[in-house]
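Shown next, in structure tokens, is the structure this report addresses.
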Amino acid sequence: MTKTKITPEEALLYHLEPRPGKYEIVASTPMATQRDLSLAYSPGVAVPVQAIADAPETVYDYTVKGNMVAVVSNGTAILGMGNLGAMASKPVMEGKAVLFKRFADVNAIDIELDTENPDEIIQAVRLMGPTFGGINLEDIKAPECFIIEQRLKELMDIPVFHDDQHGTAVICAAGLINALELSGKKIEDCRIVLNGAGAAGIACLELLKTMGARHDNCIMCDTKGVIWQGRTEGMNQWKSAHAAKTDCRTLEEAMVGADVFLGVSAKGAVTPAMVASMAENPVIFAMANPDPEITPEEAHAVRADAIVATGRSDYPNQVNNVLGFPYLFRGALDIHARAINDEMKIACARALAALAREDVPDEVAMAYGRKLSFGRDYIIPTPFDPRLIYTIPPAVAKAGMDTGVARRPIIDLQGYELALKSRMDPTASILQGIHARAKAAQARMIFAEGDDPRVLRAAVAYQRAGMGKALVVGREHDVREKLEAAGLGDAVRELEVVNAANSRHMDAYKQFLYNRLQRGGFDSYDIQRLATRDRHVFSALMLAHGHGDGLVTGATRKSAYVMQLINHVFDAKASDGAVGVTALLHKGRIVLIADTLVHEWPEPEDLANIAIKSARVARNLGLEPRVAFVSFSTFGYPVSERAAKMGTASRVLDAMKVDFEYEGEMTVDVALNPAAMAQYPFCRLSGPANILVVPARHSASISIKLMQEMAGATVIGPILTGVSKPIQICSVNSTVNDILNMAVMAACKVG
């Protein structure tokens with residue numbers, strides 16, 4: 001699999017723009033009028049204050065406590081970088097906070113404590129207890145992390161969870177359940193060797209022992225070798241608890257005949273010879289980051305029967321904590337849990353293992369660019385599996401209720417699953433899916449406007465993300481100057497700069513263009529000027545001749561002008577069946593609007609064609625199409641000739657017997673709001689529409705720009721569909737990310 005390259009400049013820019021940091025606080029209640037403010041603060045706020053004082057448990061009803069986690073660190077063990085201090089840990093903790101939100105809709109605030117004194121950390125976190133529904137400890141070095149977590153668990157009546165320990169342990173346990181099933185072994189019979197006696201390693205072994213692994217079958221190693229009963233050097237109380245009765249003194253000796261190896265240590269700690277000495281069907285979890293103890297290639301070279309997992313996303317079987325902590329906290333918060341206990345962790349591991357054995361939905365396989373089915377290369381679910389949000393928290397919640405840590409048990413678990421489904425944000429998984437497909441496609445992408453810094457940065461990002469070759473149309477010295485000004489001077493060597501002035505294909509391009517345009521009033525001089533001086537035409541000619549696989553343009557000129565130029569080379573007019581579809585992403589919803597590019601004033605037959613092309617785009621993106629023909633009229637009232645054509649378009653589709661849902665005409669609120677739609681029980685849509693076909697291009701443009709400017713919606717498009725080659729046309733105010741998204745659409749041949 002192609003590796004992604006991320007440069008320091010890109011990483012800093014990501015954290016700097018559009019504003020410093022990775023999240024912001026947004027009010028969830030109205031804040032517009034004096035009445036709103038009176039309810040939010042004084043005097044209205046006095047009422048819930050008194051209610052909570054009278055009945056403290058109602059704090060979960062009237063405040064955000066029940067969906068708020070503190071991500072706490074002192075920066076003494078940052079991401080394998082070591083002790084860089086509290087301030088330096090803030091980007092990591094902000095990242096953890098947004099992962100909570102992205103994967104499980106849990107609000108989280110990062111708190112960095114500037115002390116290495118465990119007692120001070122314990123006191124600080126304990127005093128903040130009333131604010132939060134749970135505490136996630138992160139990147140605190142051992143052995144202090146053990147002391148802090150244990151004491152806080154004793155002092156606090158909310159879950160305290162050190163993810164570096166227990167998060168890793170849960171995912172490791174989930175993978176091991178399935179690996180042992182595939183290798184036909186039972187955990188109580190396995191010889192397990194663990195290398196790395198830090199927080200994660202000790203937690204992994206403790207959880208596996210709770211699940212049935214025998215103490216005498218488990219050998220723990222650190223930098224000084226095997227931790228054996230009687231050893232005194234480099235020991236502490238946590239290591240001593242796992243000291244084994246054994247004659248082995250080195251990792252190499254311990255590995256002989258071992259069934260399972262768990263590594264949370266360092267790159268290269270395991271040799272091929274050690275793997276060769278293991279028992280049949282060995283299980284190897286080489287979880288050191290960023291580089292594993294041994295790579296899957298090295299392990300499989302000596303043992304084809306090995307099942308291998310790592311911590312990396314570019315290998316199968318990634319042991320990724322994001323599969324655990326968001327859903328553990330989601331389940332714990334939803335029962336107002338007093339703690340996250342071993343039973344809840346084991347329930348999480350078993351639910352993850354069970355999910356990996358189920359049939360994988362097509363959209364998940366599409367996102368990873370390969371067929372996924374339970375087996376040696378798929379023992380752990382993928383982080384972008386949409387089923388995680390509604391399968392893991394119910395298992396955690398049930399275990400919490402069964403073990404008596406729930407303050408507010410969930411009576412209707414089936415209803416709880418449905419509520420969790422509604423929390424899922426489909427937009428991120430859709431974007432992840434098309435990015436993964438683009439990476440698999442490895443398309444040579446033509447970026448037509450090599451004189452624009454945004455386009456150049458998008459081209460660099462496309463290539464460094466491992467999606468394929470970026471071909472930039474421009475002059476080399478100009479490209480170099482602009483990249484250097486953007487702090488990306490080293491990228492010049494990576495990109496392929498294509499200049500029309502010295503193209504060896506120019507004669508063929510001009511002949512092709514002359515053959516197309518000679519009866520349209522273009523003479524040979526016009527052809528010469530178009531082919532050599534207009535980058536949009538030149539780029540389209542490159543694509544038409546197979547000298548690139550996709551084309552992105554439009555960031556510097558109006559889309560109508562660019563479309564006119566593209567039509568010199570391709571058949572991309574309304575009469576050719578071309579359609580423009582724009583995706584709006586906002587607050588976890590995705591809606592496609594069409595036609596946003598080609599049809600000025602479509603007739604009913606055109607509208608039907610637009611619906612068909614839009615449905616195809618929706619399916620390309622992993623959505624099941626539900627089309628609404630929208631207007632200011634709903635099902636015939638008020639009467640208007642302009643609205644009538646939208647209803648006629650629906651009847652045109654009736655005659656065509658298409659394989660997707662559609663209905664209309666209707667107003668936008670009826671199309672998108674289930675309560676408004678329910679007033680029309682005869683409506684054929686099974687849920688809110690995800691494709692809005694609009695009466696004219698001007699109404700499409702107004703709708704999109706209004707959503708973009710007033711609501712802050714993310715806009716991808718217009719996606720040009722119905723053309724023989726992948727061409728995507730950006731808007732002139734596109735950001736670098738917008739241009740990159742359009743390149744990804746072209747690479748995936750969306751449309």
Side-chain angles (χ1 to χ4, degrees), residues 427 554-564 572-574 578-587 589-604 606-611 613-615 617-618 625-635 637-650 662-673 676-677 688-722 728-735 738-739 741-742 745 751:
T427 58
T556 63
R557 301 299 297 264
K558 292 279 196 301
S559 59
Y561 176 76
V562 175
M563 279 296 291
Q564 185 182 339
K573 295 188 286 292
V579 171
V581 183
T582 297
L584 282 179
L585 285 66
H586 184 59
K587 291 188 174 178
R589 293 178 74 173
I590 182 164
V591 175
L592 307 183
I593 296 181
D595 182 346
T596 53
L597 184 64
V598 182
H599 291 79
E600 185 70 34
W601 181 253
E603 295 302 324
D606 300 318
L607 291 164
N609 177 56
I610 290 167
K613 296 284 172 60
S614 301
V617 170
R626 289 191 296 273
V627 175
F629 292 97
V630 291
S631 179
F632 64 90
S633 166
T634 300
F635 300 119
Y637 188 82
V639 177
S640 160
E641 182 187 342
R642 295 191 171 197
K645 74 169 184 176
M646 306 308 289
T648 305
S650 193
Y662 59 91
E663 186 59 283
E665 85 283 7
M666 62 180 71
T667 55
V668 168
D669 58 328
V670 174
L672 298 180
N673 186 327
M677 189 180 286
N690 51 26
I691 298 171
L692 305 181
V693 177
V694 296
R697 203 169 78 200
H698 62 264
S699 48
S701 176
I702 292 165
S703 305
I704 289 160
K705 292 189 188 308
L706 190 64
M707 281 294 293
Q708 193 172 22
E709 295 304 319
M710 294 293 289
T714 298
V715 173
I716 299 178
I719 300 161
L720 181 60
T721 179
Q728 298 304 345
I729 298 173
C730 308
S731 60
V732 289
N733 58 356
S734 292
T735 65
D738 294 335
I739 298 166
N741 279 334
M742 296 307 282
M745 292 287 177

How many angstroms lie between atom [atom1] of [X] and atom [atom2] of [Y], to the nearest 0.5 angstrom?
X      : Y      : atom1 : atom2 : result
Leu692 : Ile704 : CG    : CD1   : 9.5 Å
Arg557 : Ser731 : CZ    : OG    : 15.0 Å
Ser650 : Glu665 : OG    : CD    : 9.0 Å
Met563 : Ile729 : CE    : CD1   : 5.0 Å
Asn609 : His599 : CG    : NE2   : 6.0 Å
Ile610 : Ile593 : CD1   : CD1   : 13.0 Å

Grab the two heavy atoms, one from [X] and one from [Y], that are nearest each other, plus how far apart they are.
X      : Y      : value
Ala649 : Pro604 : CB-O, 3.7 Å
Pro602 : Leu607 : CG-CD2, 3.6 Å
Leu672 : Ala689 : CD2-O, 3.4 Å
Ile716 : Met745 : CG2-CE, 3.5 Å
Val627 : Ala611 : CG1-CB, 4.0 Å
Pro625 : Ala615 : CG-O, 3.6 Å

So, [X] side chain and [Y] main chain: donor-acceptor pair closer than 3.5 Å or not?
X      : Y      : value
Thr634 : Thr667 : yes
Ser734 : Cys730 : no
Thr582 : Thr596 : no
Asp738 : Thr735 : yes
Asn690 : Val591 : no

Problem set entry | Under the salt bridge (Lys or Arg N to Asp or Glu O under 4.0 Å) test, residues paired with Lys573 that sit two or more places apart |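 Once residues adjacent in sequence are excluded, the partners of Lys573 under the salt bridge (Lys or Arg N to Asp or Glu O under 4.0 Å) criterion are Asp576.
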Exercise. With Arg697, which residues qualify under salt bridge (Lys or Arg N to Asp or Glu O under 4.0 Å), at least two apart?
Worked result: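 Here the qualifying residues are Glu600.
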Are any non-hydrogen side-chain atoms of [X] and [Y] less than 4.5 angstrom apart?
X      : Y      : result
Lys645 : Trp601 : yes
Ile590 : Leu585 : yes
Phe632 : Pro638 : yes

For this session: With side-chain contact (heavy atoms from CB on, under 4.5 Å) as the test, would you mind laying out the steps for Leu584 and Val715 before giving the verdict?
Result: CA-CA 5 Å; Leu584 282 179; Val715 173; 3.5 Å; yes
Problem set entry | Option from Leu720, Thr721, Ile719 for which side chain to side chain contact (heavy atoms under 4.5 Å, CB included) with Lys613 holds |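 Filter result, single survivor: Thr721.
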Problem set entry | Ring geometry between Tyr662 and Phe629 (parallel below 30°, tilted from 30 to 60°, perpendicular above 60°) |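 Rings of Phe629 and Tyr662: perpendicular, as their planes differ by over 60°.
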